[in-house]
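Read through the structure below, which is laid out as structure tokens, and then see the notes.
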Amino acid sequence: HLLFYIYDFCHIGLDGMVSANDFVSGVQAIADKTSVAGCDSCSQFWSQSLQGQELDLIASIGAAQAPCAFVFLISRLAERDSFSEVIRALCQHGNFLPTLGATSLAKPFCNVCRKLAEWSMESGQPKKAIRALWIAQGAVQTDEDVITPIAADMLSLCLHSGCIRAGLAFASVFRFSMLPDGATDILDVAKYFYYAGSIHAAMCDWFKALDFLQLAIAVPGIRAQKVALEAYKKLAIVTLLNGQTSRKQKSGGPGSSITMQLFESKASLYRKLQLTFHDGSLMELSTFLKANQSSLEKDGNFHLAAHLRGAFLAQSVMQARRLYTKCTLADIVALANAERGDAIMKVSSPTVSGNLPTGFSPATEDELAQTIMCMVKSDHLCATISHDGGIDFEPICSANHVVKLESMLPGLMEQTEALNARLQRSLRKTRAAQHAGIPGDV
């Protein structure tokens, strides 16, 4: 019955070509009667009648005038694995699409974009689809705080292609809303937080990476547990790099105690890594990373764990600051190379004795000096280094920090105003929903 219904609206000529007006009328009638999902049951019919006219029809009808036909045509291209033509259609006409997020077209449109992202990864060309997905994301997103299925796929491609800054522009916003009608799945939310945290970790922004990865762990649902486990592993390293964990900490993020125990049992390697970082020496940390390199590479966390040497040295500098007001670089080198349990007892020995593991290099004065300068530059430390290697630690609350805080006030005010505007917008939506009789929990 549906095939005859299409045939009545699409008058196919003797040459087999479909006119743009008849095609739009037919697809729109089908969409009004059976939804776009019903069009998929007619794949053989359309494959024969369109005869590769999809791009020509898209150019003729325009995405703005007939978004339903546009979504149907790129769906046909995706089914034929013509993803280069899908990219071309999205890049040329995607900016003219009306907002699809609140319509029934959102789900089939997002499915096409997901197939495009999967093809881009499988073909080894993750960079090729980023611009098309960026445009598609703008066509689906109804508000700035909405998470769409396209968002996670786009951030994944940015991460795997090395286009970190392109993904950073989108991953800097905390989003907590979802598209209606099941277009956004709970798994899409978990993936968005995970990839956003991974992008911030790649940019060495440990603070924001920590926030996003904790949100990925906190996403409820069994379907999101696999993503949450990967986020837990990455979070175990990021917390060390951010300097927020201690040897007494038992969990790597938010969530129920049962969930955390499950993650710790499946990711015991990362708990051992945390204990080695806090209780072991620099040599033991390097040995641990070398011995478990294959496991860390399999999880995609080895390059992130490589930053732990710098974090270990920075922690040694802060430990020296608590012990001394004035010291030398040799004192901090001895502190960094000593075991943490007996660090105070071994500071008089500036060298590491015994046989060193293959590939391990002890901390040097030049390396510590570079670490101290980076900490001073990032306002994590107030200290001066003399030409003879002497270090003078200054009080934390110095004039430089006061000036720094004063310079941050305008930015903090802008963030406060932006949060207030979002809060007011959410309150207006809540009042409108209550006025329409929608329960508050929904």
Side-chain angles (χ1 to χ4, degrees), residues 35-37 67 71 75 94 97-118 133-159 167 169-200 208 211-231 253-256 259 418-419 421-442:
S35 80
V36 177
V71 173
S75 300
L97 281 170
T99 303
L100 304 178
T103 68
S104 60
L105 297 174
K107 196 167 185 178
F109 184 71
C110 292
N111 290 338
V112 174
C113 294
R114 172 145 296 170
K115 292 179 182 178
L116 175 60
E118 292 173 354
L133 291 182
W134 187 282
I135 295 173
Q137 164 67 25
V140 174
Q141 194 172 19
T142 56
D143 202 352
E144 63 176 3
D145 61 346
V146 171
I147 299 176
T148 70
I150 303 174
D153 295 331
M154 182 179 65
L155 293 181
S156 175
L157 293 181
C158 290
L159 192 64
F170 186 80
S172 299
V173 180
F174 290 96
R175 308 171 196 272
F176 299 101
S177 301
M178 301 169 64
L179 290 176
D181 299 329
T184 302
D185 188 74
I186 197 69
L187 186 61
D188 299 323
V189 177
K191 285 183 176 180
Y192 170 76
F193 289 138
Y194 172 74
Y195 287 122
S198 300
I199 283 180
H200 284 289
K208 275 199 171 182
D211 288 342
F212 277 106
L213 291 173
Q214 286 178 339
L215 289 171
I217 293 176
V219 173
I222 298 177
R223 296 191 62 207
Q225 277 195 357
K226 186 176 181 180
V227 178
L229 177 61
E230 297 304 316
S256 66
T259 303
L419 288 173
R422 291 180 63 182
L423 178 60
Q424 295 298 327
R425 186 166 59 250
S426 298
L427 289 174
R428 287 195 298 270
K429 289 181 178 179
T430 304
R431 294 193 190 100
Q434 291 175 349
H435 182 71
I438 301 176
D441 55 349
V442 177

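Please read these numbers as outputs of a predicted model, since none were measured by experiment.
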Heavy-atom side-chain contact between [X] and [Y] under 4.5 Å:
X      : Y      : result
Leu100 : Pro67  : yes
Leu97  : Phe109 : yes
Phe193 : Leu213 : no
Lys226 : Leu229 : no
Val112 : Val71  : no
Val189 : Leu187 : no
Leu215 : Phe174 : yes
Pro149 : Leu179 : yes

**Report entry** Geometric class of the Phe212/His200 ring pair [parallel <30°, tilted 30-60°, perpendicular >60°]
**Finding:**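 Parallel, since the angle between the ring planes stays under 30°.
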Hey, is the main chain of [Y] close enough, under 3.5 Å, to the side chain of [X] for a donor-acceptor pair?
X      : Y      : value
Asp188 : Asp185 : yes
Ser426 : Arg422 : yes
Thr99  : Ala139 : no

Looking only at heavy atoms, which two atoms of [X] and [Y] are closest? And how far apart?
X      : Y      : value
Trp134 : Ala169 : CH2-CB, 4.1 Å
Leu133 : Leu157 : CD1-CD1, 3.4 Å
Val227 : Ala190 : CG1-O, 3.6 Å
Leu155 : Gly167 : CD2-O, 3.6 Å
Ile199 : Cys158 : CD1-CB, 4.5 Å

Query raised in the report: Quick check: are there more than 12 heavy atoms from other residues, nucleotides or ligands sitting under 6.0 Å from NZ of Lys208?
Result: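 Above 12, so yes.
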Report task. Taking atom CD1 of Ile222 as the centre, report whether more than 12 heavy atoms of other residues, nucleotides or ligands fall under 6.0 Å from it. Result ->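 Atom CD1 in Ile222 is not crowded, with 12 or fewer foreign heavy atoms closer than 6.0 Å.
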Working to the nearest 0.5 angstrom, can you tell me the gap between [X] [atom1] and [Y] [atom2]?
X      : Y      : atom1 : atom2 : answer
Ile150 : Asn111 : CD1   : CG    : 10.0 Å
Cys113 : Ile135 : SG    : CD1   : 10.5 Å
Ile186 : Met178 : CD1   : CE    : 5.0 Å
Lys115 : Ser75  : NZ    : OG    : 7.0 Å
Asp145 : Ser177 : CG    : OG    : 3.5 Å

Query raised in the report: Do Lys191 and Ser156 pass the side chain to side chain contact (heavy atoms under 4.5 Å, CB included) test, and can you show the C-alpha distance, the side-chain angles, and the key distance before you say yes or no?
Result: CA-CA 9 Å; Lys191 285 183 176 180; Ser156 175; over 6 Å; no
Query raised in the report: Would Arg425 and Asp143 pass as an ion pair if we require N to O under 4.0 Å?
Result: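 Salt bridge between Arg425 and Asp143, a charged N being under 4.0 Å from a carboxylate O: yes.
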Requested in this report: Establish, yes or no, whether the cationic atom of Arg175 lies under 6.0 Å from the six-membered ring centre of Phe170 and within 45° of the ring axis.
Outcome: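 Here Arg175 passes the 6.0 Å and 45° test against Phe170.
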